[in-house]
Structures are given as C-alpha cells and as structure tokens.
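As the structure is a prediction and not an experimental result, all values here were calculated from the model.
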Amino acid sequence: MASVPLARHLVRAKDLADARFIEPLGVDDLARAAGLSRAHFSREFLRAFGESPHAYLLTRRLERAAAMLRNTDRSVADICFAVGLSSVGSFTSSFRRTYRMSPTAYRGSFPPASDLALVPACVLRAYSRPQHRTFGEDRPPAASIASSHEITSTQEDT
C-alpha cells in the first residue's frame, strides 16, 4: 500500500482551518488533523503554504471579521468572539496590523450595513402595506358579534 503524500495531510489541516476557524482551534488541533507532530506540522505547513499555521488561521478569522464589519451592525467585541478570538485587545492589534486601521475605522470607511440589507422587494411590500383598519378586519370576532347583537337589540327596543 502506497503511503499518503505529506501535502495531502497538510491540505487536510488547511481545510479544517477553513471550515472551522470560528471554533477555538489551535495549531495542536491542526497538527492532530494532519497526523503530524506539532513541530513537524508547523515546519512543513510553513514550507508548503508560505505562512505559519497560526498566521493562516488568524488571517481566516480577520477576513471573516472584516466581512462582518462591512455587512453587519454587530459590535466589534461581538464580532471578535464570533470569529473565534477570545481577546478584543489582541483582535484590535491584529486587525490594525493587517488592515492598517482599527476595526471601527474600517467599518466607518464603508456605507452603513443597513443600506446593504438584502431584503426581497416582495417582503418589503408585504410589511409596508397599510393596515385596513377602516373595514374592521382588525376587530376581534367576539367584539363584532357583541356589537351586532347590540344593534339588533336596540332595533328591537325601538
């Protein structure tokens, strides 16, 4: 039986980092997925992909954070935790080093997320229609029965 090439093990670890970067993954987890020791995995990953496993994982998280800053109104701290990082200070430093501006300044350089809301036009029309209050559709059935009963009883009294 032929042995599996080393690159295949490294790609397996890279796929794990791409798919589950939101979880608290570490280099140990990636090395375990590749079936290599931590030191050997880190050395071979750097040689194969040109960056350390930690830098690759951090880059995936920062890319996702940048997308969330552009497209959502979530707070910076909330985005930090949502992408799998545990320290807002470290997140801000790493973000500033990568994008050359703070997360808040990065968000400010794009239009507000509310302008980008992708809501289908049919949904907007359905929720922005005027209510038909003049026809009594919003009146509960019991009230309408009672009111019609009052009308008939007042007609009988007269």
Side-chain angles (χ1 to χ4, degrees), residues 1-135 137-141:
M1 183 170 168
S3 66
V4 178
L6 178 63
R8 197 171 215 177
H9 291 282
L10 296 175
V11 168
R12 184 181 314 146
K14 189 177 177 185
D15 288 346
L16 177 68
D18 288 339
R20 296 174 46 193
F21 66 88
I22 293 174
E23 298 173 14
L25 282 178
V27 176
D28 289 333
D29 300 317
L30 298 177
R32 195 174 312 116
L36 303 172
S37 72
R38 179 188 168 104
H40 184 59
F41 170 72
S42 294
R43 214 175 21 254
E44 292 301 321
F45 194 94
L46 179 63
R47 193 169 64 82
F49 301 114
E51 61 184 336
S52 70
H54 175 74
Y56 183 79
L57 195 55
L58 182 62
T59 302
R60 296 287 78 75
R61 289 174 171 155
L62 292 177
E63 287 172 349
R64 178 69 182 139
M68 291 174 79
L69 286 167
R70 286 190 310 265
N71 300 323
T72 68
D73 289 329
R74 296 171 73 172
S75 70
V76 171
D78 191 26
I79 289 173
C80 167
F81 299 124
V83 297
L85 297 172
S86 58
S87 168
V88 177
S90 297
F91 167 66
T92 303
S93 299
S94 300
F95 195 91
R96 185 185 304 269
R97 194 176 323 115
T98 302
Y99 291 94
R100 302 187 190 280
M101 63 177 76
S102 71
T104 305
Y106 182 81
R107 170 177 276 163
S109 65
F110 290 93
S114 59
D115 291 352
L116 303 173
L118 300 175
V119 179
C122 61
V123 173
L124 286 176
R125 279 193 304 270
Y127 284 98
S128 62
R129 286 183 185 140
Q131 299 296 317
H132 300 290
R133 296 184 192 282
T134 56
F135 300 112
E137 288 91 0
D138 57 341
R139 194 178 318 152

Per-pair distances, 0.1 Å, donor-acceptor, side chain in residues 45-55, under 3.5 Å, sequence neighbours excluded:
from : atom 1 : to  : atom 2 : distance (Å)
R47  : NE     : E44 : OE1    : 3.2
R47  : NH2    : E44 : OE1    : 2.6
S52  : OG     : A55 : N      : 3.1

Atom pairs and distances, side-chain donor-acceptor, residues 5-16, under 3.5 Å, sequence neighbours left out:
from : atom 1 : to  : atom 2 : distance (Å)
H9   : ND1    : A34 : O      : 2.8
R12  : NH1    : A33 : O      : 3.4

Would you tabulate the side-chain donor-acceptor contacts of residues 95-106 under 3.5 Å, counting partners in other chains and residues two or more places apart, or write 'none'?
from : atom 1 : to   : atom 2 : distance (Å)
T98  : OG1    : S94  : O      : 3.0
S102 : OG     : A105 : N      : 3.1
Y106 : OH     : R70  : NH1    : 2.6

Rounded to the nearest 0.5 Å, how far apart are [atom1] of [X] and [atom2] of [Y]?
X	Y	atom1	atom2	result
D73	D78	CG	CG	11.5 Å
R32	D28	CZ	CG	6.5 Å
L62	I79	CG	CD1	12.0 Å
C80	R74	SG	CZ	11.0 Å

**Message:** Could you go through R60 and I22, starting from their C-alpha distance and side-chain angles, then the distance that decides it, and tell me whether this counts as side-chain contact (heavy atoms from CB on, under 4.5 Å)?
**Reply:** CA-CA 9 Å; R60 296 287 78 75; I22 293 174; over 6 Å; no
**Prompt:** What are the two closest heavy atoms between M68 and A82, and how far apart are they?
**Reply:** CE-CB, 3.9 Å
**Complete:** Minimal heavy-atom distance between E23 and R61, with the atoms involved, is O-NH2, 2.8 Å
**Prompt:** Taking C-beta and beyond as the side chain, do V88 and F81 meet within less than 4.5 Å on heavy atoms?
**Reply:**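 Of all side-chain heavy-atom pairs linking F81 with V88, at least one is under 4.5 Å.
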**Prompt:** Can you check whether V76 reaches L69 side chain to side chain, under 4.5 Å on heavy atoms?
**Reply:**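 Answer yes - side chains close enough.
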**Complete:** For R43, the salt bridge (Lys or Arg N to Asp or Glu O under 4.0 Å) test, sequence neighbours excluded, returns none
**Item:** Residues forming a salt bridge (Lys or Arg N to Asp or Glu O under 4.0 Å) with R64, sequence neighbours excluded
**Value:** none
**Request:** Output all residues satisfying side-chain hydrogen bond (donor to acceptor under 3.5 Å, both in side chains) with S87, sequence neighbours left out; order by chain, then residue number.
**Result:**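 Here the qualifying residues are S90.
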**Message:** Among L57, L58, T59, which residue satisfies the side chain to side chain contact (heavy atoms under 4.5 Å, CB included) criterion with F21?
**Reply:** L57
